[in-house]
Participant: 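Below is the structure I would like to discuss, written out as structure tokens.
A, B, ... follow the sequence lines: proteins, then strands. Residue 1 opens every chain. Atoms considered below: every heavy atom in the structure, side chains included; atoms not considered: hydrogens, waters and symmetry mates.
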Amino acid sequence: MTAATPSNSTPAQPGGQRYTPLELEERWQRQWKADGLDRTEEPAEGQKAFYALSMFPYPSGTLHMGHVRNYVITDVIARVQRMRGDAVLHPMGWDAFGLPAENAAIERGVNPADWTDRNIAQMKAQLDRLGLSIDWEREQATCHTDYYRWTQWLFLELEAGGLAYQKEATVNWDPIDQTVLANEQVDGDGRSWRSGALVEQRKLRQWFLRITDYADALLDDLDQLQGWPERVRTMQANWIGRSRGAEIDFAVVEPGGPTTGERITVFTTRPDTLYGASYVVLAPDHPLVEALTSEAQRDAVTAFRDLMETLSQDERTAEDQPKRGLPLGSHVINPVNGEPLPIWIADYVLADYGTGAVMGVPAHDQRDFLFARRHQLPLRQVVQAPGQEGPDPLGEAWTEAGVLVHSGRFDGLASNDAKAAITAFGEEQGWARSRVQYRLRDWLISRQRYWGCPIPIIHCPSCGAVPVPREQLPVELPRAVELSGRGGSPLAQLESWKAVACPCCGADAQRETDTMDTFMCSSWYFLRFADPRNQEKPFSAEAIARWLPVQHYVGGIEHAILHLLYARFFTKALHDRGLLTIREPFQRLLTQGMVQGVTYRNPSTGRYVPGTQVSDPADPRDPADGSRLEILFEKMSKSKHNGVDPAAVIDRYGADTARMFILFKAPPEKDLEWDDADVEGQFRFLQRLWRLVDQAAGCGVALQAILPLPSELTTVDRDVRRAVHSAIAAIDEDLSGELQFNTAISELMKLANALGGRLEQLSEAVRQEALSALIRLLAPFAPHLAEEFWQRLGGSGSVHREPWPSHDPEALVQDSIELVIQVKGKVRGSLTVPADADRDSLEQLALASDVAQKWLEGQPPRRVIVVPGKLVNLVP
RNA sequence: GGGAGCGUGCCGGAAUUGGUAGACGGACUCGACUCAAAAUCGAGCGCCCUCGGGCAUGUGGGUUCGAGUCCCACCGCUCCCA
């Protein structure tokens with residue numbers, strides 16, 4: 001940071017003041033607040049309602065550039081839509097439950113509620129400096145009782161609908177955060193999304209929501225979400241992971257003898273490979289393992305099961321891992337051919353997935369193949385690859401479709417047809433059923449932590465799990481709790497809080513001491529914003545009908561599955577409970593890219609060097625050893641010393657520059673490389689506008705009255721009007737459909753360039769029209785500066801209440817155009833021609849041109865292609 | 001391995017249905033103003049050139065009067081699922 005302080009570098013102009021963004025922005029922010037400019041107006045008769053929403057933040061206390069980008073994008077959308085005449089709902093709130101508050105409490109002895117409220121105040125103050133048109137009267141914090149009583153109410157609603165239940169299951173345990181996690185909250189490496197710890201498996205009794213009941217709806221309705229990025233829809237579809245297949249029963253037999261009456265049911269997506277099965281595998285913790293283990297194998301099996309309990313799901317199922325397993329010493333019969341098959345247990349089969357049992361078909365499944373090879377199990381090919389003659393060398397499994405062989409009566413069928421045929425045959429005989437299987441698991445919502453929404457359940461020894469009566473909500477989170485971060489749910493230590501009479505029978509009972517996953521709280525906040533002060537219900541049907549679905553939702557791609565899937569599930573479940581008429585919450589979704597900071601890395605040591613220690617950015621050297629540093633752009637983080645503090649940027653250049661820069665530098669979906677030199681450039685543009693408006697004020701522009709255009713326009717007038725109206729048309733286009741703020745701002749720059757130095761030459765009406773349009777087009781992007789301009793040039797009221805400009809097609813009409821002349825597709829010259837010339841005359845003009853003479857050498861062209869308004873292509 | 005997306009000057013990035021590739025900005029160079037600097041203003045800025053032009057949108061093919069855009073193959077990067 002060596003540049004001079006920019007606010008000192010704008011010289012005073014004759015007749016005007018200097019552009020001092022800080023003073024100007026604070027002044028307008030005060031004014032807007034006093035005027036209630038950002039208060040939501042209920043839609044009037046015939047007025048469209050528009051709901052613009054940013055994913056609400058966790059109140060960490062510090063605003064970072066990612067937040068700024070997110071909220072500025074949404075703010076521009078909201079502001080444009082208001083100017084276009086819609087009633088706009090643009091609220092903000094706080095995803096305020098969560099572990100950082102609890103950890104702060106453990107480390108510093110503060111109360112999580114106080115810590116959170118302080119952070120909210122701090123972040124709100126930072127947000128306010130950005131000039132966001134947020135209606136703060138609708139603010140929500142999920143940790144406040146007037147919000148979470150309704151989270152509890154909705155939990156009871158789901159419970160009443162049979163969608164919440166308790167079960168004992170093997171679940172993900174985060175050893176750092178000391179709590180369980182939902183499957184969605186464990187990443188591809190088997191680590192917690194929050195703490196980064198490798199999760200462990202534990203068998204615990206927990207609360208779940210039946211999101212799997214909605215697997216089909218969540219998957220099928222993705223097709224309706226045409227306003228969502230394809231990528232996010234694909235990710236959700238993969239996560240839900242629907243596969244069609246069959247359940248097949250294998251009867252258990254005594255060694256060499258009759259069936260025992262027990263059966264093992266497997267799920268397979270490949271019933272066509274049934275003849276190729278050479279063993280059956282159970283999950284190590286499958287309930288039948290005990291009964292099916294022979295005496296000889298008992299000790300080995302017990303040892304194996306103990307080992308498996310210590311491993312994570314990922315460690316067990318990773319494809320590059322050796323497949324461990326051992327035989328139980330008992331057998332089943334393959335129902336399709338009566339052949340006995342050994343029963344094994346193995347690491348790669350999970351009890352919770354499908355039926356917890358699979359059939360092993362080494363020839364046609366890669367994991368089975370590896371397992372069979374390791375344990376010398378037989379391999380039998382039953383699907384032949386197309387065009388393959390004779391037996392396959394089988395260096396690996398053939399997992400594609402083909403033609404059945406060695407499959408009795410099914411030989412010769414294509415594998416796809418065979419799936420149906422073998423399943424149907426099994427159904428006839430009673431040993432198969434066609435079934436759909438999902439990857440999606442039920443949502444585990446219990447958390448063994450304090451700072452969350454209490455689960456409103458009372459456990460009674462005689463009545464079981466009893467919902468807290470709704471009139472007793474909220475079940476308040478007690479303040480005085482000892483937090484250690486260890487040893488189970490903190491609420492469980494509070495005997496006085498825990499002890500309660502059963503609402504059913506009055507007997508001594510105990511409250512549930514787990515809290516809810518914070519994703520519960522964020523699964524419905526967008527509904528509460530529509531009706532934020534309702535004391536009777538979480539929201540009224542009318543308010544929802546008025547505002548929902550969210551027209552434009554903006555947030556990070558990291559929620560592609562997590563929050564966005566849960567919120568969709570809530571919406572569907574509440575629809576089915578009769579509380580909502582919508583089935584999808586978010587009509588359009590914009591996933592904004594990351595904000596990256598310039599990062600200096602020593603390639604030999606891997607050390608990150610702070611920018612402040614780099615003396616020459618053009619030739620960065622490591623002060624430690626003098627070696628050249630790599631310059632990278634990476635996600636801003638403390639460890640990489642590449643963060644840029646939004647407050648510092650605003651202090652230096654003002655919010656308008658920060659807003660303009662962040663929108664201009666990259667399209668919203670792409671990662672953005674933060675570069676201080678470019679911010680400086682953006683600031684220069686705003687200063688240029690400042691001088692332009694100064695100049696306009698000097699010419700006596702007065703925006704309050706609309707002047708009629710003179711009947712005769714000069715050439716300059718017509719050129720400027722064309723520039724103005726083509727900017728309006730282009731910006732309007734950029735802000736419709738696919739949002740392209742970056743090109744919209746470049747159009748503003750072009751317009752400013754077109755006006756520069758010509759203001760004096762314009763007739764008064766054209767000058768006024770141009771300034772009025774420029775300022776209104778600028779208003780959503782740089783709201784403070786636009787307001788200042790509007791006022792200085794005598795506009796009445798706020799520019800933010802002005803209508804969005806619309807372009808005059810007449811102004812775009814040109815008398816003459818540049819006609820490009822191509823010869824065989826290559827540009828050889830151009831010609832100024834009347835804009836309304838028809839095809840024939842264009843052809844004649846082109847043929848008569850010097851360019852044609854030169855390149856055609858007197859020969860008539862073989863072919864002439866005329867694109868009116870653009871070009872003529874002569875093909876010799 | 002499967003799926004999705006991307007690849008354009010020194011850099012960020014523009015390019016309706018295929019129709020003048022490089023808009024707009026940054027960096028850089030030169031000039032004006034200045035005692036000087038900053039700021040500002042003006043000009044230049046893909047590569048090669050014998051100044052006619054030739055070559056250029058990851059690579060190689062194809063379709064077309066015409067391809068950054070469409071098709072095929074390949075290379076590289078990112079993300080998701082295995």
Participant: Looking at A:Met594 and A:Asp671, what are the two nearest heavy atoms and their distance?
Facilitator: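 Heavy-atom minimum between the residues: N-OD1, 2.9 Å.
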
Participant: Given the structure, check if the side chain of A:Gln822 and the base of B:rG19 hold any donor-acceptor pair shorter than 3.5 Å.
Facilitator: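 Under the 3.5 Å cut-off, the side chain and the base do form a donor-acceptor pair.
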
Participant: Of the nucleotides B:rA21, B:rC24, B:rC65, which one has an atom closest to the side chain of A:Val827?
Facilitator: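 The nucleotide sitting nearest to the side chain is B:rA21.
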
Participant: Between B:rA4, B:rG19, B:rA39, which nucleotide gets closest to the side-chain atoms of A:Arg684?
Facilitator: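 Nearest to the side-chain atoms of A:Arg684, counting from C-beta on, is B:rA39.
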
Participant: How far, in whole Å, is B:rU17 from B:rG26 if one measures between their C1' atoms?
Facilitator: 33 Å

Participant: What pair of heavy atoms forms the shortest contact from A:Thr355 to A:Phe267, and how long is it?
Facilitator: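 Reported closest heavy-atom pair: OG1-N, 3.4 Å.
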
Participant: Salt bridge between A:Asp272 and A:Arg270, side-chain N to carboxylate O under 4.0 Å?
Facilitator: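 Yes, A:Asp272 and A:Arg270 are salt-bridged.
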
Participant: If you check the A:Arg688 side chain, which of B:rG25, B:rC24, B:rU20 turns out closest?
Facilitator: B:rG25

Participant: Using a cut-off of 4.0 Å on non-hydrogen atoms, how would the nucleic acid contact of A:Asp678 be classed: base, sugar-phosphate, or nothing?
Facilitator: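 Sugar-phosphate, no base atom in range.
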
Participant: Among B:rG12, B:rC24, B:rG13, find the nucleotide with the atom closest to the side chain of A:Lys665.
Facilitator: B:rG12

Participant: Want to know the stems of RNA chain B: at least 3 consecutive Watson-Crick or G-U pairs with distances under 3.5 Å, which are they?
Facilitator: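 As far as RNA chain B goes, consecutive pairing (with distances under 3.5 Å) yields the stems B:1-7 with B:75-81, B:10-12 with B:24-26, B:28-32 with B:40-44, B:46-48 with B:53-55, B:58-62 with B:70-74.
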
Participant: Compare the minimum distances between each of B:rG13, B:rC79, B:rC65 and the side chain of A:Arg231, then state the nucleotide with the smallest one.
Facilitator: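 The nucleotide sitting nearest to the side chain is B:rC79.
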
Participant: What interatomic distance, in whole Å, is found between P of B:rC49 and the corresponding atom of B:rA43?
Facilitator: 27 Å

Participant: When you measure from the side chain of A:Arg691, which nucleotide among B:rU40, B:rA14, B:rG12 comes out closest?
Facilitator: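 The answer is B:rU40.
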
Participant: With C1' as the reference atom in both, quote the distance from B:rC45 to B:rA37 in angstrom, rounded to an integer.
Facilitator: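 Nearest-Å result for B:rC45 against B:rA37 at atom C1': 25 Å.
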
Participant: Determine, stepwise, if the pair A:Arg568 / A:Asp221 fulfils salt bridge (charged side-chain N to carboxylate O under 4.0 Å, His left out).
Facilitator: CA-CA 10 Å; A:Arg568 293 183 62 222; A:Asp221 289 353; 5.3 Å; no

Participant: Identify the pairs formed between an N or O of the protein and an N or O of nucleotides 28-34 of chain B at a distance under 3.5 Å, and give each distance.
Facilitator:
none

Participant: Base, sugar-phosphate, or nothing for A:Phe685, non-hydrogen atoms under 4.0 angstrom?
Facilitator: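 Here A:Phe685 touches no strand at all.
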
Participant: Between B:rC70 and B:rG19, how far apart are the P atoms? Round to whole Å, please.
Facilitator: 11 Å

Participant: Flag yes if more than 12 heavy atoms outside A:Glu738 fall under 6.0 Å of its CD atom; otherwise flag no.
Facilitator: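 No, CD of A:Glu738 has 12 or fewer neighbouring heavy atoms, counting only those of other groups under 6.0 Å.
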
Participant: Suppose we screen for ring-ring contact (aromatic ring centres under 6.0 Å, His included). Which residues come up paired with A:Trp228, at least two apart in sequence or across chains?
Facilitator: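 Scan of A:Trp228 (ring-ring contact (aromatic ring centres under 6.0 Å, His included), adjacent residues dropped) gives none.
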
Participant: What nucleic acid atoms does A:Val867 come within less than 4.0 Å of, heavy atoms only: base, sugar-phosphate, or nothing?
Facilitator: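 Base contact.
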
Participant: Compare every heavy atom of A:Met235 with every heavy atom of A:Ala560, then report the nearest pair and how far apart it is.
Facilitator: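 What the structure gives for the nearest pair is CB-CE, 3.4 Å.
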
Participant: Tell me which nucleotide among B:rG25, B:rG13, B:rG26 gets nearest to the side chain of A:Asn753.
Facilitator: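 From the listed options, B:rG25 comes nearest.
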
Participant: Answer syn or anti for B:rG52, where the cut-off is 90° from 0 on the glycosidic torsion.
Facilitator: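 Base orientation relative to the sugar is syn.
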
Participant: So does A:Asn742 get a side-chain nitrogen or oxygen closer than 4.0 Å to the phosphate oxygens (OP1/OP2) of B:rA14?
Facilitator: yes

Participant: Between the base of B:rC81 and the side chain of A:Asn238, is there a donor-acceptor distance below 3.5 Å?
Facilitator: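 A donor-acceptor contact between them is absent.
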
Participant: Does a donor on one side chain and an acceptor on the other come within less than 3.5 Å for A:Asn873 and A:Arg863?
Facilitator: no

Participant: Apply salt bridge (charged side-chain N to carboxylate O under 4.0 Å, His left out) to the pair A:Lys665 and A:Asp678, showing each step before the final yes or no.
Facilitator: CA-CA 8 Å; A:Lys665 178 76 193 213; A:Asp678 288 348; 2.3 Å; yes

Participant: Salt-bridge test for A:Arg722 and A:Asp719: reply yes if a basic N is under 4.0 Å from a carboxylate O, no otherwise.
Facilitator: yes

Participant: Measuring from the side chain of A:Phe664 (C-beta onward, heavy atoms only), which nucleotide among B:rU20, B:rG25, B:rA23 has the closest atom?
Facilitator: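 Closest of the options to the side chain of A:Phe664: B:rG25.
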
Participant: For B:rG9, measure the glycosidic angle (O4'-C1'-N9-C4 for a purine, O4'-C1'-N1-C2 for a pyrimidine) and name it syn if it falls within 90° of 0, otherwise anti.
Facilitator: syn

Participant: Counting just side-chain N and O atoms, does A:Gln740 come under 4.0 Å of either OP1 or OP2 of B:rA15?
Facilitator: yes

Participant: How are the rings of A:Phe569 and A:Trp443 set relative to one another: parallel (under 30°), tilted (30 to 60°) or perpendicular (over 60°)?
Facilitator: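 Geometry flag for A:Trp443 against A:Phe569: perpendicular rings.
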
Participant: I want to verify a distance call: between B:rA14, B:rG3, B:rG13, whose nearest atom is closest to the A:Thr234 side chain?
Facilitator: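 The listed nucleotide nearest to A:Thr234's side chain is B:rG3.
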
